[in-house]
Amino acid sequence: MSKSQVQIFDTTLRDGEQVPGCKLNTPEKLIIAERLDELGVDIIEAGFPISSPGDFNSVVEIAKLVKNATVCGLTRANKKDIDAAAQALEHAVKPRIHTGIGTSESHIRYKFNSTPEKILERAVEAVSYAKSFVEDIEFYAEDAGRTDNEFLAKVCEEVIKAGATVLNIPDTTGYCLPEEYGAKMTYLKENVKGIENVVLSCHCHNDLGLATANSIAGVQAGARQIECTINGIGERAGNTSLEEVVMIMKQHPYLNLDTNINTQLLYSTSQMVQHHMGILVQPNKAVVGENAFAHSSGIHQDGVIKNRETYEIMDPSDVGVTESSIVLTARSGRAALAYRAKKIGFDLTKLELDKVYPEFLKCADYQKEVEDEDIEKIVKSVRAQLEKIAS
Ligand code: KIV
Ligand code: ZN
């Protein structure tokens, strides 16, 4: 059976850039946009054009630059925002306007001091107005995660009639459980007329660490777009991490889901975004963290040296990491030490290893990590002693 394609909607330059202190200028955004296009993302959310002249200009320049991906601009549900987005996207080969409004009780009552009927009216008006500029309209129901399913279905049905081509169901506050988020998608698929003609999109935040799990639950329930950011950066605890959802779909063939991402560019893209945004990922970050393919305990090292798959479920080269690393610490065993010594040119005999290993442990207890130079020094000194004894 052929696999279903899941569209990857990257919002690193919009939701990702909302992180305090990581504002990018236009040239930096262009470098990242070009790389995202090369990476194979299907949609690049380039910014929120009405928000500032700088962001407007970035969207204009990204729209001119990007050759393959759809370029998208965010708006609220009002004409001024939509006018700005339409203008900024004028030169895009494939433009998309992303408009929407809060649909949960708390958004309707406290944010807008409004009623469900008025919100529905504004949603429909915004989509119809945006449709007068471009064909591809994505509608977001902000805080859909906490929106009553019946009302959400009604809004979805009406915006489809008004011309929406994509329905974004954001778990804006990162509140949903995977089962609940998947069930929301199922409910919409079963209760919204015309839903078969649009793409359902997952947009999950990571407040409870569930953004990736929720997005996967969403596509398992039939959504065919995931909104995500490189390194999972974004407001508060961040957005769904692009590299995580892409590798989950790649590593679990039974899901029957595929993306257009060139996974071998994931690690270098992560490094590029860390560099420009000034936000470093934690070493244990899945897929792209510095320790994602590093092994330091003796038992694991021994297993990996015998067969990489004993302790690795991904081939590091699939994400652009040259090879797994064997980190030498006081928890490392003889197999790892012999392996590393061989790599730097010392093929140790059993007798040599017996003498080198205790010296290595002394060094490892003293300093946290043992480097190649330390091994070289120890091996040379042990070999000199053995030669002396032998002569
Ligand atoms: O999290 C959210 O609800 C959003 C929308 C503006 C799409 O980012
Ligand atoms: Zn968001």
Side-chain angles (χ1 to χ4, degrees), residues 7-20 22 41 43-52 55 59 70-78 80-82 84-85 96-108 110-112 119 122-123 126-127 130 136-148 151-152 155-156 159 164-176 180-181 184-185 188 198-212 214-215 218 223 225-242 244-245 277:
Q7 305 271 296
I8 295 296
F9 175 114
D10 181 277
T11 183
T12 305
L13 299 176
R14 198 280 296 170
D15 225 347
E17 207 233 11
Q18 288 176 209
V19 176
C22 71
V41 309
I43 302 104
I44 296 175
E45 187 160 53
F48 181 14
I50 195 82
S51 65
S52 76
D55 215 32
V59 178
T70 292
V71 179
C72 175
L74 185 80
T75 84
R76 291 164 295 188
N78 67 59
K80 252 173 83 179
D81 281 30
I82 296 168
R96 175 183 294 182
I97 294 178
H98 188 190
T99 189
I101 195 160
T103 51
S104 66
E105 200 186 329
S106 83
H107 277 237
I108 297 173
Y110 302 112
K111 190 166 142 186
F112 299 113
I119 291 296
R122 279 186 65 182
V127 171
D136 189 2
I137 308 297
E138 175 166 339
F139 175 79
Y140 65 85
E142 196 179 2
D143 205 14
R146 293 186 300 170
T147 298
D148 165 64
F151 180 60
L152 184 61
V155 174
C156 288
V159 296
T165 46
V166 182
L167 292 182
N168 177 8
I169 310 301
D171 182 23
T172 306
T173 56
Y175 181 71
C176 286
E180 194 183 354
Y181 191 69
K184 202 172 264 290
M185 293 295 184
L188 295 175
V198 301
V199 174
L200 267 175
S201 182
C202 310
H203 179 116
C204 300
H205 280 266
N206 204 31
D207 300 66
L208 291 171
L210 288 171
T212 293
N214 284 344
S215 300
Q225 179 177 284
I226 294 181
E227 312 200 358
C228 44
T229 61
I230 302 293
N231 300 332
I233 57 162
E235 289 261 0
R236 308 182 307 282
N239 287 60
T240 301
S241 149
L242 183 148
E244 292 174 16
V245 288
M277 289 201 158

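Counting starts at 1 for both ligands and their atoms, in listed order. Bear in mind the structure is a predicted one, so any value in this text is a computation, not a measurement.
- Close approach of ligand 1 to Pro170 (heavy-atom distance below 4.0 Å) involves ligand atoms 2 (C), 3 (O).
- Within the 4.0 Å heavy-atom criterion, neither part of Thr11 lies near ligand 1.
- Considering backbone and side-chain N/O atoms, Tyr140 never comes within less than 3.5 Å of an N/O atom of ligand 1.
- With respect to His203, the side chain to side chain contact (heavy atoms under 4.5 Å, CB included) criterion is satisfied by exactly one of Asn239, Ile169, Ile226: Asn239.
- Looking at His203, its N, O or S atom nearest to the Zn ion (ligand 2) turns out to be NE2.
- With 3.5 Å as the limit, one finds no donor-acceptor pair spanning the side chains of Glu142 and Thr172.
- Within the 3.5 Å criterion, the main-chain N or O of Gly145 finds no donor-acceptor partner in the side chain of Asp171.
- Taking every non-hydrogen atom of Asp15 and a distance limit under 4.0 Å, the qualifying atoms of ligand 1 come out as 8 (O).
- The aromatic rings of Phe9 and His98 sit perpendicular to each other, their planes meeting at more than 60°, with 30° as the lower class boundary.
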Exercise. Does the side chain to side chain contact (heavy atoms under 4.5 Å, CB included) test come out yes or no for Ile119 and His107, once each step is laid out?
Worked result: CA-CA 10 Å; Ile119 291 296; His107 277 237; over 6 Å; no
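- Between Cys176 and Tyr181 the shortest heavy-atom distance is CB-CB, 4.1 Å.
- The protein atom (non-hydrogen) at minimum distance from atom 1 (O) of ligand 1 is His205 NE2, 3.0 Å.
- Within the structure, ligand 1 has Arg14 among the residues with a heavy atom less than 4.0 angstrom away.
- The two residues Ala84 and Ile50 have their closest heavy-atom pair at CB-CD1, 3.8 Å.
- When all heavy atoms of Asn214 and Cys204 are compared, the pair lying nearest together is CB-SG, 3.7 Å.
- Protein heavy atom in closest approach to atom 3 (O) of ligand 1: Thr172 OG1, 2.7 Å.
- If you look at Asp15 and ask which of its N, O or S atoms sits nearest the Zn ion (ligand 2), the answer is OD2.
- Residue contacts with ligand 1 for His203 involve side-chain atoms from C-beta outward but no N, CA, C or O (heavy atoms, distance under 4.0 Å).
- Residue contacts with ligand 1 for Glu227 are absent, since no atom lies close enough (heavy atoms, distance under 4.0 Å).
- Numbered from 1 in the order shown, with element, the atoms of ligand 1 that lie under 4.0 Å from a heavy atom of Glu142 read 3 (O).
- Between Thr99 and Ala126, the shortest heavy-atom contact is OG1-CB, 3.8 Å.
- Below 3.5 Å of separation, one finds no N or O of His98 facing any N or O of ligand 1.
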